[in-house]
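Convention: sequence-line order gives letters A, B, ...; per-chain numbering from 1.
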Protein chains: 2
Amino acid sequence: MRIGELAERTGLSRDTVRFYERTGLLTARRLPNGYRDFPPEAVPWLRYVRTAQALGFSLAEIARTGAELDGAPDAAERLSELLRQKIALIDERTAELAALRADLVERAASGCPLAPS
Amino acid sequence: MRIGELAERTGLSRDTVRFYERTGLLTARRLPNGYRDFPPEAVPWLRYVRTAQALGFSLAEIARTGAELDGAPDAAERLSELLRQKIALIDERTAELAALRADLVERAASGCPLAPS
DNA sequence: CTCGACCCTGGAGTACTGTCCAGGGTCAAG
DNA sequence: CTTGACCCTGGACAGTACTCCAGGGTCGAG
């Protein structure tokens with residue numbers, strides 16, 4: 001798949017895809033004419049990247065775990081494990097948000113929201 | 001309170017506090033010698049700033065709502081309202097995380113985590 | 001052969017959020 | 001009066017994540 005299609009299917013810009021390739025987040029073969037050729041897995045991979053990013057990971061961190069995965073024979077299994085870790089992280093974040101919410105509820109109810117807690 | 005104390009009590013660096021003042025996130029009176037003099041409310045305000053930042057607001061956005069609040073006679077009431085909005089936002093974020101989690105659970109369970117969904 | 005849609009590279013520029021530093025002033029204690 | 005801890009300004013620099021552009025190549029349709 002060429003860059004335009006990948007960009008469209010992931011909602012990223014071509015420049016962003018090129019940027020991701022430069023930073024090692026993504027690898028592409030090259031067609032004889034020099035055009036990038038992405039495998040179909042690039043689409044879900046980029047979705048994963050966006051997920052991890054939303055969870056607060058930097059692109060560098062994501063690239064690192066991606067590199068570990070790359071070429072591993074049990075890549076699917078490892079990625080499943082990664083996803084399970086992300087799920088645990090989501091549970092943590094959710095708990096943090098719940099705590100924050102409780103704090104805000106309390107502050108909103110009190111007459112003095114900025115009082116030191 | 002001078003900048004050093006505020007920095008220590010909020011865990012920020014002096015430079016960060018000065019940066020926040022420059023960007024309008026924070027206002028300070030000046031002592032006759034030119035030193036910044038922060039009111040005690042600056043401490044919980046900065047805590048709020050960090051909270052809002054963690055929820056994905058840019059400093060500019062935070063400064064804007066802060067400016068709306070500033071000088072209002074019903075500042076406490078308005079801030080309570082803001083906090084209620086933040087709570088709604090937290091609920092949204094929590095829901096997003098739940099959806100993401102469900103997706104990841106499904107992917108992790110399937111043998112092929114990167115298959116297009 | 002030309003046109004338009006697509007692709008390439010290299011490099012500059014942007015926004016945000018800091019962080020560091022030089023050069024210099026203030027002030028209380030000893 | 002000196003010393004050390006504190007404060008000031010202005011400006012350079014950094015890391016992250018893009019975004020845009022100039023200048024130019026590729027390719028299928030008409």
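Taking 4.0 angstrom as the limit, A/N33 places a side-chain polar atom (N or O) nearer than this to OP1 or OP2 of D/dC27.
A/R29 has its CZ atom 18 Å from the C1' atom of C/dC8, to the nearest Å. When the P atom of D/dT26 is taken as reference, atom CG of A/D37 falls 17 Å away, rounded to whole Å. For A/R2 and C/dA5, the CZ to P distance is 14 Å, given to the nearest whole Å. Going from atom OH of B/Y35 over to atom C1' of C/dG25 covers 7 Å, rounded to whole Å. Taking atom CG of B/L26 as the reference point, atom P of C/dG18 lies 13 Å away to the nearest angstrom.
Expressed to the nearest 0.5 Å, how far CZ of B/R36 lies from CG of B/L6 amounts to 11.0 Å. Of the inter-residue distances, the one linking B/L26 atom CG with B/L59 atom CG reads 11.5 Å to the nearest 0.5 angstrom.
Residue A/F38 comes nearest to A/A28 through the heavy atom pair CE2-CB, 3.5 Å, listed as atom of the first residue, atom of the second, then distance. The heavy-atom pair separating A/P44 from A/P40 by the smallest distance is CD-O, 3.4 Å.
Residues passing the side chain to side chain donor-acceptor pair (under 3.5 Å) test with B/Q53, sequence neighbours excluded: B/R50. Partners of B/R29 under the salt bridge (charged side-chain N to carboxylate O under 4.0 Å, His left out) rule, at least two apart in sequence or in another chain, are B/D37. Applying the salt bridge (charged side-chain N to carboxylate O under 4.0 Å, His left out) test to B/E5 and every residue at least two apart in sequence or in another chain returns B/R9.
Grouping the Ile, Leu, Val, Met, Phe, Trp and Tyr side chains by contacts below 4.5 angstrom, directly or via other members, places A/L25 with A/F57. Hydrophobic clustering (side-chain heavy atoms under 4.5 Å, transitive across Ile, Leu, Val, Met, Phe, Trp, Tyr) groups B/I62 together with B/L12.
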Scoring nucleotides 9-24 of chain D by protein non-hydrogen atoms under 4.0 Å (B base, S sugar-phosphate only, - none) yields B-------BBSB----

Identify the pairs formed between an N or O of the protein and an N or O of nucleotides 1-3 of chain C at a distance under 3.5 Å, and give each distance.
none

When you compare the protein's N or O atoms with those of nucleotides 13-15 of chain C, which come within less than 3.5 Å of each other, and at what distance?
none

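In this structure, A/Y48 and A/T65 have side chains that are in contact, with non-hydrogen atoms separated by less than 4.5 Å. You'll find the side chain of B/M1 reaches within 4.5 Å of the side chain of B/V43, heavy atoms only.
Across all strands, B/L31 comes closer than 4.0 Å to no nucleic acid atom at all (heavy-atom distances).
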